[in-house]
Visitor: 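Can you read through this structure? Questions will come right after.
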Amino acid sequence: MTLLHHGGRLRDVAEKYGIDESDWLDLSTGVSPWHYPVPEIPVSCWNRLPEEEDGLISAADRYYGGQNALAVAGSQAAIQCLPQVLFDMREGPGRVLLPKVGYKEHERAWRMQGWQIEYYGNNSEHGDNSDKGDSGNEASDESGPVYDRQPTSEQIDRCDVLLIINPNNPAADLIPAAQLNAWLDVLSKKNGLLVVDEAFMDMTPEASLNSVVSPNLVILRSIGKFFGLAGVRAGFVFAPHKIRLAMQERLGPWCLNGPARFVCARAFADIEWQQMQINRLNQSSERLRQLLSSLEAPVAGTSLFQCVYLPQAPQWYERLCQHGILTRLTDERDALRFGLPADVKQWVRLTDVLQTVLAEIKLGQV
């Protein structure tokens, strides 16, 4: 399988459209535009191999509300590793339930290890659940797609692993903890596994399952989104001891580098900064939601991004690029995901360009 396309890759886009990188407004990721202020990093973090007993795991446990976190090089490392670990423990693949709409690296990882994939969350009018090797959905009408976002009880009964992206990226659906616990009970009775990707959960900790201790639950967390530290490539896994140990052995020693460990531990402990971040993310996300609602199309999002469902989403993407604004065209090609502008200048630019493109589309110029 070829590499999947995600947000970012600004250099390639700048070259394609002939616009200097410095002239772009990059809103293509769900990463906070405000990052945790990285402190001065001790020389020992660069000069010595990472120490396991450096306080990072206890800091992660306190922040996430879990037990014995496994530090990994971004939750992406865990996404790639987990299907192989479970394959080995089962001595073969099983059936995994994946969201039809969501982060496609999950699908790629399970498929590469030979698991039988079944989708849930299809278009309620047009979709089906068969594994046809694609990830497309069609919008049911001009008001945007209508999805049954959750798996059915029949699907859960026949699966070995249920994977939930909570909140979903890009659909933004947030499944309550009570519902997840109900599914976990069903899976536990047949020794199935619930895997929850909580990469965007920081703003809604009440919906997290990190406080739940179960031999049938794996949770993936990421520091990159909320803390604006995607570049450190740091993530954390909360899993039963047997799975945690198997993942640790497969990933090898020193999975997370010393400077990243130091910065993450500081960020987890800085409660005052976290509260400031929560306030500005909530305010900016609501402002973005209101702005995108002016396009007369459905909008859904989290505190870190907003997704607008447009009948001509690919054309919108192209026109915004021509104006030097980079967004994320969803895999279903029915919506654009917008990250948050960082300052007044960016807000003004985005507002002006959106109104310009909207007028062009209404006049049939796209």
Side-chain angles (χ1 to χ4, degrees), residues 7-8 24-37 63 101-103 143-147 149 165-177 197-208 221-230 267 270-311 313 316-317 320 323 325-330 334-358:
W24 282 82
L25 172 54
D26 185 359
L27 303 177
S28 64
T29 74
V31 175
S32 167
W34 308 288
H35 65 82
Y36 181 74
Y63 175 77
V101 177
Y103 186 55
S143 66
V146 178
Y147 296 109
R149 303 284 192 186
I165 303 172
N166 204 37
N168 186 280
N169 170 28
D173 300 306
L174 183 65
I175 299 175
D197 181 347
E198 295 186 349
F200 286 92
M201 185 62 79
D202 297 67
M203 299 291 287
T204 50
E206 69 280 357
S208 173
R221 299 296 297 251
S222 170
I223 197 173
K225 280 74 173 178
F226 173 77
F227 288 95
L229 294 173
D270 196 336
I271 297 175
E272 182 178 353
W273 184 89
Q274 293 165 19
Q275 188 57 56
M276 177 183 68
Q277 182 79 326
I278 289 171
N279 292 338
R280 62 185 170 185
L281 287 174
N282 279 332
Q283 292 171 7
S284 295
S285 183
E286 175 58 21
R287 181 178 178 180
L288 181 60
R289 186 194 65 78
Q290 292 181 11
L291 175 60
L292 295 178
S293 295
S294 68
L295 304 181
E296 303 173 2
V299 179
T302 71
S303 294
L304 285 158
F305 64 83
Q306 293 290 331
C307 198
V308 57
Y309 290 87
L310 296 157
W316 269 92
Y317 174 83
L320 290 173
H323 286 276
I325 294 181
L326 182 59
T327 60
R328 174 72 164 91
L329 178 64
T330 61
D334 60 357
L336 296 182
R337 189 190 66 188
F338 288 74
L340 304 178
D343 54 39
V344 173
K345 184 179 179 180
Q346 292 186 3
W347 279 109
V348 171
R349 181 178 178 185
L350 176 62
T351 301
D352 290 346
V353 171
L354 285 176
Q355 293 308 309
T356 297
V357 175
L358 178 61

Visitor: Around His323, counting heavy atoms of other residues, nucleotides and ligands shown, do more than 12 lie under 6.0 Å from its NE2?
Guide: yes

Visitor: Step by step, work out the side-chain contact (heavy atoms from CB on, under 4.5 Å) result for Met203 and Asn282.
Guide: CA-CA 9 Å; Met203 299 291 287; Asn282 279 332; 3.3 Å; yes

Visitor: Is the shortest side-chain heavy-atom distance between Met276 and Glu272 below 4.5 Å?
Guide: no

Visitor: Quick one: does any side-chain atom of Ser294 pair with a main-chain N or O of Leu291 as donor and acceptor, under 3.5 Å?
Guide: yes

Visitor: Check Ala171 against Val101 and note the closest heavy-atom contact, atom names and distance.
Guide: CB-CG1, 4.2 Å

Visitor: So, do Leu27 and Leu340 sit near enough that their side-chain heavy atoms are less than 4.5 Å apart?
Guide: no

Visitor: Specify the closest pair of heavy atoms between Ala267 and Gln274, including all atoms of both residues, with the distance to one decimal.
Guide: O-NE2, 2.8 Å

Visitor: Taking the six-membered ring for Trp, are Trp273 and Phe227 parallel (under 30°), tilted (30 to 60°) or perpendicular (over 60°)?
Guide: parallel

Visitor: Name the residue from Asp352, Leu295, Leu320 that meets the side chain to side chain contact (heavy atoms under 4.5 Å, CB included) definition with Val357.
Guide: Leu320

Visitor: Hey, is the main chain of Ser28 close enough, under 3.5 Å, to the side chain of Arg337 for a donor-acceptor pair?
Guide: yes

Visitor: Rounded to the nearest 0.5 Å, what's the gap from CZ on Arg287 to CG on Leu350? Could you check?
Guide: 9.5 Å

Visitor: Using side chain to side chain contact (heavy atoms under 4.5 Å, CB included) as the criterion, point out the one residue from Val31, Ile325, Leu326 that pairs with Asp26.
Guide: Leu326

Visitor: Using side-chain heavy atoms (C-beta onward) and a distance below 4.5 Å, is Leu354 in contact with Phe338?
Guide: yes

Visitor: Nearest 0.5 angstrom please: Leu288 CG to Leu281 CG, how far?
Guide: 12.0 Å

Visitor: Under a 4.0 Å N-O cut-off, is there an ion pair linking Arg221 with Asp197?
Guide: no

Visitor: So, for Trp34 and Pro341, which heavy atoms are closest and what is the spacing to 0.1 Å?
Guide: CZ2-O, 3.9 Å

Visitor: Examine Phe226 together with Phe200 and report whether their ring centres are nearer than 6.0 Å.
Guide: no

Visitor: Any side-chain heavy atom of Leu358 within less than 4.5 Å of one from Trp316?
Guide: yes

Visitor: What closest approach, in Å, do Ile165 and Gly102 show between heavy atoms, and which atom pair accounts for it?
Guide: CD1-CA, 4.0 Å

Visitor: Would you say the side chain of Met201 lies within less than 4.5 Å of the side chain of Thr204, judging by non-hydrogen atoms?
Guide: yes

Visitor: Closest heavy-atom contact between Phe305 and Pro170?
Guide: CE1-O, 3.4 Å

Visitor: With rounding to the nearest 0.5 angstrom, report the CD to OG distance, Gln283 to Ser303.
Guide: 11.0 Å

Visitor: With a 4.5 Å heavy-atom cut-off, do Ile223 and Asp202 have their side chains touching?
Guide: no

Visitor: Could you grab the distance from atom OG of Ser284 to atom CG of Asp343, nearest 0.5 Å is fine?
Guide: 10.5 Å

Visitor: Tell me whether Gln275 contacts the main-chain N or O of Ile271 through its side chain, where contact means a donor paired with an acceptor under 3.5 Å.
Guide: no

Visitor: With heavy-atom distances below 4.5 Å as the criterion, would you say the side chains of Lys225 and Ser32 are in contact?
Guide: no

Visitor: If you define the side chain from C-beta out and look only at heavy atoms, does anything of Thr330 sit under 4.5 Å from Cys307?
Guide: yes

Visitor: Roughly how far apart are Arg328 CZ and Leu336 CG, rounded to 0.5 Å?
Guide: 10.5 Å

Visitor: Taking all heavy atoms of Ala342 and all of Pro33, pick out the closest pair and write down the distance.
Guide: CB-CB, 3.7 Å

Visitor: Could you measure the distance from the CG atom of Asn169 to the OG1 atom of Thr302? Nearest 0.5 Å is fine.
Guide: 8.0 Å

